[in-house]
Structures are given as C-alpha cells and as structure tokens.
There are 2 protein chains.
Amino acid sequence: MDKKQTATIINISNIRATCKECALREHCIPQGLDEADLGALDRVVKRRRKLKKGELLYRAGDPLRSLFAIFSGSIKTTGLMEDGRAQVTGFYLSGELLGIDAINSARHPCTAEALESSEVCEIPYPALEELAQHVPHLQHHLFQIMSREIARDEQMLLMLGRMSAEERLAACLLSFFRRQARLGLNGRDLKLSMLRQDLGDYLGLALETVSRLFSRFQEEGLIKVEGRHIQLRDPARLEALANGSAGSHHSRQN
Amino acid sequence: MDKKQTATIINISNIRATCKECALREHCIPQGLDEADLGALDRVVKRRRKLKKGELLYRAGDPLRSLFAIFSGSIKTTGLMEDGRAQVTGFYLSGELLGIDAINSARHPCTAEALESSEVCEIPYPALEELAQHVPHLQHHLFQIMSREIARDEQMLLMLGRMSAEERLAACLLSFFRRQARLGLNGRDLKLSMLRQDLGDYLGLALETVSRLFSRFQEEGLIKVEGRHIQLRDPARLEALANGSAGSHHSRQN
DNA sequence: CGTAGCTTTGAGTGTTATCAACTCTCGTGG
DNA sequence: CCACGAGAGTTGATAACACTCAAAGCTACG
C-alpha cells in the first residue's frame, strides 16, 4: 500500500495539467482568455514538470527555449559575479512567470533554482510569441506581465539603493504576505522557503544582519519568528517601517 | 538676423520627423521593419517634441498615454519615497525607449526629467499595441526591448546589492562609454549630462562619495575628470575594477 | 541519535554617510 | 566692470550602520 504522503502527491500529478482546468488560471498567463484561445494555449504549453528542492530549472548562460509558469512551490533566480558574490534577483511564487529576462539575449542571465518541491509549466517561447500574434488579449497580457516585472525591479532598485536594512526586510516581508493574500491564502502566516542567506542575497545584506533583524522585529512585537515560519503581528507598524515613516532615519536636511 | 544658436536649432527641427528617414532607425523601435510597416509606424508616431533642460516628460502617478523614444539628449527617471529620498532608476540616451514600466498599472511609477535639451518621439501606447498585433516583427522587437530592460534592471540589482561604491561607479562609467560607442560615437570622451547628485541617486551613494571616487579614479590614472567631461584613460583597469577582479575586496571565504 | 547545515548572537572593524567648510563657475544687477 | 549670490563640486573630520569573523545553539534528516 502507498504511504499517505506519496498517494496525495500522485493524485495531484494525475490531473492532466491544462490551463483550462487550472486553479491558477486567472493568476497566470491564461488570464482573461476565452475558451477557444485557452485551447490554443493548451496546445502550446507542455506537461507540468516537477522539481525537487535544490533542482535547477536553468542555468545562467543556457539558451532560452521556454518560459516557465510556476504552479506550486517557489523558485529563486540568482545572478553571479566572477568572484562568487551572488545577487538573488527574484523570488517567484505560484502564478508567476519565469525567464522573461532571457528574451533579449536568447540566453538566461540568471540561474533558477527550486527552493522546495515545486511544479512548473513549460511554455516554449517561440510558440508563445507566435500565438500572441494571433490572440490580441494574450499579447496584451504578456506586455502587462513584462511591464510588471520592470516596475517590480524598479521598486527593488529603490530598496537596494536608498533603504536601510530594517526598511528592506520590512518591505520584503510585506511583499510576501501580500502576494500570498492575492492567491486567496492566509495573509498572516508565512512559511519562508528560502535561507537567511538567500534573503540576504536578495536584500543586499549579510545573512547575520537578516537574522538580527528578525530577532529585533520579534522583540518589538512586529512579527513572531519560529525559524522559517513568520507570523504577522502588527501590519501597520511593519508598513510604517517599510516606508521609512518610523525609526531614526536621517534623510538628510536638504 | 537670428542669433547663431537659434538658427542651428531651428534647422534641425525643420526636418519632418519620420521613422523612415530617422538616423536612429536601426537603434530604435523601427529596427528591422520593412518599408510598408515603417509607413504604418509613422502614422502612429507623433511629431517630435522638444524638451528643455529640467522639463518633465511625465510625473510619477500620471496616467500612461504614450511611450517616448529619445531622439537626442538624455533623460533620467526617478522614483521618490515619501520622506524625499530619491532613487534614479535609469538614465536614457538616444534610441532608448521610455515609459514601459507604466504599462502594467497604466500609470507612470517614475518621473521623467530631461537632463539637457532633448528631443523625444511620442508613441501613443494603445496604437502601438494595436500595430504590434498586425506586424509580427514589431511585436517581436517590443518583447525584446522589454526583456532588455528587465535584464538591465537585474544588472543594476546586482550592482546595488553586492558591489562596492568603487565597483559601482566603474561599471556605470563603462556602461555610458559603451552605449555611446554603440551609437557610433567616440568611445573615449564622455560628457555627463547629470549632476553628481543624480549619479549618487542612481548608484545608491552620497554625492560626496561619487565626487571622491572621481578624484581617486583620476589619481590612479583610470580616467581624466574635468567637471562633467570624462576621458577614458585605462579601459582595461577600469573594467577590472568594475568586475571586482582588482582591489581589496573581501568576498568572504565560504 | 548523530551529524551537517542552518541560525543566532557577540565582538570588533571598515566602508560609506553625514555634516561642514571652502572653491569654482556662471549669470545678474548695481 | 566688479560685487554678489546661487548652484555645483571638492575635500576633510567624524560617526554609524552593516560587514566580517567567531563560536555556540538549533533543526532536520538520514
């Protein structure tokens, strides 16, 4: 007889993955498409693929063949410097699209690694572009997704360039809470799938700094920290921190 | 009789701006389009618009109506925090496209300001999207441009998150030299159109730090600095600096 | 239950920000 | 014509925030 865990997992995977039937339909590429166009999209999208924790979806330098939509789990993308310093350029959750930074050069500039067991849908890029040509709504939505990515990166630039360590972590946590809430999940309990090191590499901080901030935020009653499990205790004050409205920040007299 | 300056300016503006005849044709949106499609694009693009130094093209929060292609001059885009801290999210030069970060939310997230007298071509966004639907090559190129912007932002994330002040300025200068060279201009002499403050707000540094670095780079014979005029003296060593290959950097023993 | 990897906490240091003073350029008006 | 002032840039002194190194505690998983 099957072990319980395995049985559950197999059940999920047995569902033939079609955009038409996907729970994330309105959070992902198919958003807003009608039945006919969904059918066309399903002929393009490949079968769902499973990734184990730590498995790489692609490496920096790999030629672009497909984009990947995340169905479940989470993935980080990392850019590397020659001397080994790493910058995590993004954490991607369910419903988010991966690989669009590769379209320009036809090569992936970053490495994508699963932070936990994850499932992704593979979308061959040439076929997607071709399809977008015939489905106005899809083209429109792709422009939207790419623009959103740019706006998000700009927000990160502001964080890395102008915010204190404290503000960065506060903003980052709020972003996770919000993205989880958008998917209709609990907006107060968060299970981080990444290491302190990854958070540091994302926020431009040392892992020790991240750890110290978690401790401090807990002392101040903003959150409760139990390893990777974070509970939101005081959204308003965390928000205030993220906006620099609080704290002893200097913001030079001009 | 006209003053000399004015006469010159009027001459340039008298040229009816069409993509077909534009010197930047292959560095801008029309890249790779055939004659017929160029004609269609010209019916969409509005007449060239002049901006004086300091003039705003749009403000953060403005609704998106058009994208803007820069014909001449240079423009900076700035995101602002409530408390006044500014992050310059990009410097845009001839042939580059402005405003694509606004597509997602239909509002500009940044303010765009001319750093010097500049000319921009206005491209109403709805019409551009519509045209891309009928011109596969244009759609393809727009995806390319947007992807390039994402890849560029990711590069900036790496800079702001993981590079020292020295490395950031070196990389930034090299980027300016290269972008100028790509347009077929002199690759050794650079006229910066922005303030030290702007460079600082772009690189996440205080203006004093930027100024000190210019002085240091000059002492070390990497560049020659005369106010806003920069001359490249030792490309190889500047490159080495930008890649962290040189210098007393720590890159922790892992 | 043991070990490897992750996380926390502490102590000391350094890079870069802030504040401050001075210089330089350029345009304006007395 | 020169004094004046505003804006930009340089340079110096000091201090703070976050980094590095170090060691101990914790967790999870074989």
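Per chain, numbering begins at 1; letters A, B, ... match sequence-line order.
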- Query: Hey, does the side-chain of B:Glu208 have a donor or acceptor N/O within less than 3.5 Å of a partner on the base of C:dC19?
  - Reply: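 Looking at the base of C:dC19, it does pair with a donor or acceptor on the side chain of B:Glu208 (distance under 3.5 Å).
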>> Counting the atoms with a prime plus P, OP1 and OP2 as sugar-phosphate, which does A:Gly200 contact under 4.0 Å by heavy atoms, base, sugar-phosphate, or nothing?
In response: nothing
Taken to the nearest whole Å, CZ/B:Arg85 to C1'/C:dA17 is 13 Å
Using atom CD of B:Glu166 as one end and atom C1' of C:dT16 as the other, report the distance to the nearest whole Å.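 Spelled out: CD on B:Glu166 to C1' on C:dT16 is 12 Å.
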Please table the atom pairs, donor to acceptor, closer than 3.5 Å between any side-chain atom in residues 51-61 of chain A and protein atoms at least two apart or in another chain.
{"residue": "A:Glu55", "atom": "OE1", "partner": "A:Lys52", "partner atom": "N", "Å": "2.7"}

Sorted by chain and number, sequence neighbours left out, salt bridge (Lys or Arg N to Asp or Glu O under 4.0 Å) with A:Glu226 holds for A:Lys224
For nucleotides 24-30 of chain D, 5' to 3', base contacts (B), sugar-phosphate-only contacts (S) and non-contacts (-) with protein non-hydrogen atoms under 4.0 Å give -------
Name every donor-acceptor pair, under 3.5 Å, that has one atom in a side chain of residues 68-75 of chain A and the other anywhere in the protein, sequence neighbours excluded.
{"residue": "A:Ser72", "atom": "OG", "partner": "A:Glu119", "partner atom": "N", "Å": "3.4"}
{"residue": "A:Ser72", "atom": "OG", "partner": "A:Glu119", "partner atom": "OE1", "Å": "2.9"}
{"residue": "A:Ser74", "atom": "OG", "partner": "A:Glu116", "partner atom": "OE2", "Å": "2.6"}
{"residue": "A:Ser74", "atom": "OG", "partner": "A:Ser193", "partner atom": "OG", "Å": "2.7"}

- [ ] Could you note down all residue pairs passing salt bridge (Lys or Arg N to Asp or Glu O under 4.0 Å) where residues 190-205 of chain B supplies at least one of them, sequence neighbours left out?
- [x]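 Of all non-adjacent pairs touching residues 190-205 of chain B, those that pass salt bridge (Lys or Arg N to Asp or Glu O under 4.0 Å) are A:Arg162-B:Asp201, B:Lys76-B:Asp198.
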Contacts of A:Asp153 meeting side-chain hydrogen bond (donor to acceptor under 3.5 Å, both in side chains) (sequence neighbours excluded), chain-then-number -> none
Margin query: Please report the distance, rounded to the nearest Å, between CD in B:Glu219 and C1' in D:dT10.
Written below: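 Between C1' of D:dT10 and CD of B:Glu219: 12 Å.
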Between CG of B:Leu203 and P of C:dT15 the distance, given in whole Å, is 19 Å
Residue pairs passing the ring-ring contact (aromatic ring centres under 6.0 Å, His included) test where at least one lies in residues 202-236 of chain A, sequence neighbours excluded:
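Qualifying pairs, neighbours excluded: A:Phe91-A:Tyr202.
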To the nearest angstrom, the CZ-P distance between B:Phe217 and D:dT10 comes to 13 Å
Among C:dA17, D:dA18, D:dT11, which nucleotide has an atom closest to any side-chain atom of A:Thr209?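 Side chain of A:Thr209 sits closest to D:dA18.
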Using atom names, set out every protein N or O paired with an N or O of nucleotides 6-9 of chain D below 3.5 Å, distance rounded to 0.1 Å.
{"residue": "D:dG9", "atom": "OP1", "partner": "B:Arg228", "partner atom": "NE", "Å": "2.8"}
{"residue": "D:dG9", "atom": "OP2", "partner": "B:Arg196", "partner atom": "N", "Å": "3.2"}

Residue set satisfying side-chain hydrogen bond (donor to acceptor under 3.5 Å, both in side chains) with A:Glu149, at least two apart, ordered chain then number -> A:Tyr92
> Judged by atom type as modelled, is there a donor-acceptor pair below 3.5 Å linking the side chain of A:Arg237 to the main-chain atoms of A:Glu220?
Replying inline: yes
Hits for side-chain hydrogen bond (donor to acceptor under 3.5 Å, both in side chains) against B:Ser66, two or more places apart or cross-chain, chain-then-number order -> B:Glu122
Whole-Å distance, A:Met163 CE to D:dC17 P, equals 16 Å
Of all heavy-atom pairs linking B:Gln87 and A:Leu158, the shortest is CG-CA, 3.7 Å
Taken to the nearest whole Å, CZ/B:Arg168 to P/C:dT15 is 14 Å
side-chain hydrogen bond (donor to acceptor under 3.5 Å, both in side chains) partners of B:Arg148, counting only residues at least two apart: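 Expected list: none.
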*At what angle, to 10 degrees, do the two end axes of the helix from C:dC1-D:dG30 to C:dG30-D:dC1 meet, given five pairs define each axis?*
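Roughly 30° between the end axes, to the nearest 10°.
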Q) Would you say the side chains of A:Thr111 and A:Thr78 form a donor-acceptor pair under 3.5 Å? A)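 No, no side-chain donor-acceptor contact under 3.5 Å.
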Checklist entry - Has the side chain of B:Arg212 got a donor or acceptor that lies under 3.5 Å from a partner of the other kind on the base of C:dT18? => result yes
Taken to the nearest whole Å, CG/A:Leu205 to P/C:dT7 is 15 Å
